[in-house]
Each structure stands twice: as C-alpha cells, then as structure tokens.
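What follows is a single structure, written as structure tokens, with notes after it.
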Amino acid sequence: MNCPTTNEFTCNSKVDRLLVPSLAYIITFGLLLITFTTDVQSNDVKVEASVTPRHIQLNERATLELKISGNTLMKHIGAPSFNFLPNFLAVPLHSKTTPRLVDNRLTVAMAWVYELIPQKTGEVALSDVRFSYQDVPYNANPGKITVGSVDSYIDIATDGIHTVEATVSNSKPYLNQAIEYQFRYLYTTVLPTRESPSYVLPTFSDFLVEEPSDNITTTTRINGRTYHVDEYVRHLYPQKTGKILIPPAQLKLPIKGNPKTLKTKSVALNVQPLPEIGKPANFDGAVGEYNISTSVDRRRLEVRKALTLWVTITGTGNINTVTAPKITPMSGFRTDPPILAQRDSANTRIYQYAIIPLKSGILQLPGIEFSYFNPTKETYQTSKTGLISLTVTPNPNGTVDIESDSSHWALWLLLSIIPILVLAVGGYLIYRSKTQYKTRSGNNKSPSDPPMDPSVQAMSSLQSLGTNETAIDGSAFVESLTGIIHQYLCNRQETTLQQLTPQEIQDMCQQIGISETDQKELLDIITKCNYHKFAPVPLTGDERASLISRVETVINNVESI
C-alpha cells in the first residue's frame, strides 16, 4: 500500500489497523495447528502394561510385558522406566521390535519383557510405567498383583484357601527321645479337579522313623472359617546330637493349567546329648519310661534241670534302644545267653533265659535291674524285679555237671579222681553225721538210717520238747527251742549246725525264701527265748506251748511255698 507523504501518519494508522487482525488470525491458527498435531500424535501412540499371572506364590515368578505402538513409523523410542521395589525385583528378559503395515504405512511396535520376583506377600498395586516417544511422556499402569506365602494358595475360582504346615512336639529333644512330627494340609474347599493333592515328606535322614498305621482327617475353625484338615504323623527318634534342620514338606495341588506346589517352613531342632552325671553303670542306652518284670515256668525242679526265666520290659519311648538286661553271675546257677522271645508289640520286649541250678535246696534268683533315661523327668531311673524262690531237689540220676576244660587228659584225670573224692567225702559225712546226731539229739538212732527231711526232723524235735516241757527248767527249754530253729535253718541250707546271730538268721531266711512276716516271727521268738533264758520269772506251761506252736506255724508256712 502506497501512502501520500503529506498524510503519512494517517496512512500508518490504516496499516496498523489492517495488520493487527491478520497477526491475531495467524497466531490463533498456529496454536490450533500445534494442538491438533499433538492430539493426532497422542491418538496415534498406544502404550500397554500387563502382568501374568495375577496370583502367584512367594516362590513363583510373574511376567511383566510393556508395549508401545502407533499408526506411524515411530522413531526415537526410549526404554520404559519404573520401580516396583520393595515389593518386586524386576529382571529384564528380552525386548523385541515388530514391524507391520497399517493403512499402507509402515509402523513399528516395541515390546519389553521383565520377570518380577516377589519380595514380600500381600496384594500390591503396581506403580505407573513411564514411556517416552519424541520426548513426549506416556504412562500405563499394570494394575494389581497378589502374592501368597509359600505355604498358602487362594483359588480364585472357588475362593478356597489351601495351606500347609509342619510342626514337632519338642524342638529340644534328647538323643533317641521320641518326638512327633506333624504335617497338616488345611483347606476350605476341595479343588475342582479329578486328581487329589499329593504330599512329599522329608527323608528324615538323621532320625529313626516310625510311621503310624492311619492318617487323621478332622475339621477346625480358623478366623470364622471351617477348614478340613488332613494330618500325617511320623514318630522320630534323633540319632545324633546338635542342630538338625528338617527340610520343608511339599504338597502338590493339581490345578489345571497352573499346578501349584505348597511348601512348609523348615523345622529346626537342637538335640541334646544324654547327661553323664548320674548315669548308672548298667545303662545301655534305653530312652523312655519302662517297667521290668520276671516270671518262670516252674518253681520246683531237680538239680541241673533247666528252667525258663522270662524278662518282660514294657513302656513308652524308643523301644529299639531296649536291650536284654545283663544278669550278673549267680552263685549256685548257670545262666545261658538270652534270646529275644517277642518283639511284635511296639512297646514291649520279652527276653528268655535258661537257668540251671547247680545245687539242691531252697535257692533264690536275685532281682534284675534295668536302667533307662527318662526324658520327661530328665533323669536316670532304674526298675527292679523281686526275688524268685526255687525249691531244687537232688537229681535221682546223680548226674554231675563237669564245668572244666574239654581236653581229654583233664577229663580222664577228673574221672579218676572222682571215685576217690566220693569215698573220702562219703566217709567223712558218715562220721560227721554220727557225731552230730549223738551230740544234738542224744537218742540211739542208727547212723545208717537215711537223713530226715528238715521239717520232719524239726517237727519231731518240737513234739519231743512239748512232751518234756514240764521236766526241764525254763532256761533249758528256750535253749532247746532256739537250737531246733537253728538246726532247721541249717538243714534247709544244707550247712553245718552253728549258732546264728539275728542278722545271719535274717539273711538265711531271705535265701530260703521265707516271707518277711515269718522272718519277723522267728526273730521275735528267738528274742523272747533270749529274754526268758535269763529272766527271773519262770515260763508257764501256756507260754511254752505258745512258743512251740508259733515255731510249728512258721515251719508249715515255709514248707507250703
């Protein structure tokens, strides 16, 4: 536009009025164009973030896939950025570029794949993933993911809870002490599969293991929900001391398309050694709580005829640690090694011994001791059996048990000496019996008569004493009565007559098998005799008859055994 020089101000004003609207239009159009271009770019670019599966266990992995694509040929695409810590550790697996043709235009899609390793349990809302294309930011959110513990699983289809656990009855047992290991599978609903869950227990390499015959199925209430419980029990006996870690037990859930394996926590034990303080000399390693008892097949037998002794040990604990009790050598007996007669029962062992008496008389088998460690009371204990009285009669065949070297020369030497010894001993016994018979009874009984039974001889002497009780004084009476008691006890033991002290009488009574009641009765009679021997008041006829009657009663009691 040309303006006259004379009216320049007026011309410029007109130009300004024309240019201002034009510039405004241009700026507005430019802004609209930029906005439209950005919207087009935004609409052409697509970002995605997905996680599979949405429910995993702490020992499982999830996959995160990130993708950016558009309807144009995309360049200058930056790697996505995100941070899921402390819930997940992300490990890159791979990335890929996928070219494709859209509306006769070449486009490119980029994808990145990561492995998500869970670091804690619970439901986690993942944070946004940031993409960058041509310096323009784009965001995508992967959503939520639920991480269950290794020992639990929630079935989305049925809303069922499945969990496992392992426990022991005692985490600080003693060596060889019985403990109970329990593996339990708890579930609120049955899995919708034809297959049943299968479990795998640890090998228990450091234990002796006993498996009960039946598993247990029960129900329980936890947090207001009813759980079915399948329980599997093992009895364990630790075979070494120190710290032992029982590995996890496993349960396989046959879920179609996505099977699960649940694992229990490891179980730690600290096995204590058996204490040395207070350990009995005869302790052979038995751990538990036991009782011991004995029985014999007969109580009356001949010399050198065997009887059977059964030793029964019953109790609770590791019965495999129970061994046959050791029987100390017994005077007058020969004992053969034991035989395990029964081991069918889980808490009983029966051992059989062959016992052979080597002499006749009233003999006693001593009590047998069995020591064990009681882990409940944390102390050693000993169970002991009582005495067993035997009546052993002479062998009518006169057999002799030769317990010597089996060499021929020793056997012939022994056989040549035996006749000489028999003649010498026989002559001495005949002479001794003559002398003792005349000394003690003062009658004219022939030495050639066979020896009388001790009880018969004692009863005869008592009867004679009762007949002559009024003809002798009190001192002589109690002296004779005491002599009859001593004679009877010595004859029962086949020993030479001697004056016995009260303690010797008690020991002899125990060897013969006389009851404690009869022992006390004899000692009381002898005490009264000793009193009346020097008492200033003479014995009455009734008192004498009472003493004789009491002795007869004791002898009858002994002979009835």
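- Closest heavy-atom contact between Leu175 and Pro238: CD1-O, 3.5 Å.
- In summary, Lys520 and Asp524 do not engage in a salt bridge, as defined by a charged side-chain N under 4.0 Å from a carboxylate O.
- Between Leu547 and Ile525 the shortest side-chain heavy-atom distance falls below 4.5 Å.
- Contact detail for Ser266 and Leu245: the closest heavy-atom pair is CB-CD1, 3.8 Å.
- Summarising the local packing, CD of Gln463 is surrounded by 12 or fewer heavy atoms from other residues, nucleotides or ligands at distances under 6.0 Å.
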Criterion ring pair (Phe, Tyr, Trp, His ring centres under 6.0 Å) on Tyr199 and Tyr232, from CA distance to verdict = CA-CA 10 Å; Tyr199 68 94; Tyr232 307 89; 3.9 Å; yes
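- Using a 4.5 Å heavy-atom cutoff, the side chains of Val233 and Glu231 are in contact.
- Using a 4.5 Å heavy-atom threshold, the side chains of Lys528 and Arg550 count as touching.
- Ser464 places no side-chain N or O within 3.5 Å of a backbone atom of Ser460 that could act as its donor or acceptor partner.
- For the side-chain contact (heavy atoms from CB on, under 4.5 Å) criterion with Val392, the lone passing option out of Leu358, Leu301, Leu307 is Leu301.
- Atom CD1 of Ile350 is separated from atom CH2 of Trp310 by 9.5 Å, given to the nearest 0.5 angstrom.
- Closest non-hydrogen pair, Ile292 versus Lys384, comes out as CG2-N, 3.8 Å.
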Could you walk me through whether Tyr353 and Tyr351 pass ring pair (Phe, Tyr, Trp, His ring centres under 6.0 Å), step by step?
-> CA-CA 7 Å; Tyr353 300 76; Tyr351 297 95; 7.2 Å; no
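- The aromatic rings of His162 and Tyr187 lie parallel to each other, their planes meeting at an angle below 30°, with 60° marking the opposite boundary.
- Counting heavy atoms from C-beta outward, Leu236 and Ile246 have side chains that approach closer than 4.5 Å.
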Decide ring pair (Phe, Tyr, Trp, His ring centres under 6.0 Å) for Tyr237 and Phe207; before the verdict, give the C-alpha distance in whole Å, the side-chain angles of both, and the deciding distance to 0.1 Å.
-> CA-CA 5 Å; Tyr237 304 91; Phe207 300 87; 9.4 Å; no
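- Here the side chains of Asn395 and Lys305 are in contact, with some heavy-atom distance below 4.5 Å.
- Shortest non-hydrogen contact noted between Arg300 and Thr393 is NH2-CG2, 3.8 Å.
- Of the N and O atoms on the side chains of Thr540 and Asp542, not one donor lies less than 3.5 Å from an acceptor on the other residue.
- Thr264 is listed as a side-chain neighbour of Pro248, based on a closest heavy-atom distance under 4.5 Å.
- Taken from CG in Asn170 to CD in Glu180, the straight-line distance is 11.5 Å, to the nearest 0.5 Å.
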Go through the steps to decide whether Glu165 and Asp151 satisfy the test side chain to side chain contact (heavy atoms under 4.5 Å, CB included), and finish with yes or no.
-> CA-CA 7 Å; Glu165 63 181 19; Asp151 55 5; 5.9 Å; no
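- When atom types are taken as modelled, the side chain of Gln352 and the backbone of Thr308 share no donor-acceptor pair closer than 3.5 angstrom.
- With Glu369 contributing its side chain and Thr382 its backbone, the two residues share no donor-acceptor pair below 3.5 Å.
- Inter-residue side-chain proximity for Ile362 and Val558 is flagged as unmet; no heavy-atom pair is nearer than 4.5 Å.
- Between Phe183 and Leu251, the closest heavy-atom pair is CZ-CB, 4.2 Å.
- Judged by distance alone, with hydrogens and angles left aside, the side-chain atoms of Thr527 form a donor-acceptor pair with the main-chain N or O of Leu523 at under 3.5 Å.
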List the steps, then state whether side chain to side chain contact (heavy atoms under 4.5 Å, CB included) holds for Leu309 with Ile327.
-> CA-CA 11 Å; Leu309 170 69; Ile327 298 180; 4.0 Å; yes
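- Note that OG1 of Thr226 is 12.0 Å distant from CG of Leu186, once rounded to the nearest 0.5 Å.
- Of the possible polar contacts, none joining the Ser371 side chain to the Asn282 backbone as a donor-acceptor pair under 3.5 Å is found.
- In terms of modelled atom types and a separation under 3.5 Å, the side chain of Thr482 and the main chain of Ile526 share no donor-acceptor contact.
- Counting only heavy atoms from C-beta outward, the side chains of Val164 and Arg184 never approach each other to under 4.5 Å.
- Side-chain atoms of Asp230 do not come within 3.5 Å of backbone N or O of Tyr185 as any donor-acceptor pair.
- For the pair Pro202 and Tyr181, the tightest heavy-atom approach, listed with the atom from each and the gap, is CD-OH, 3.7 Å.
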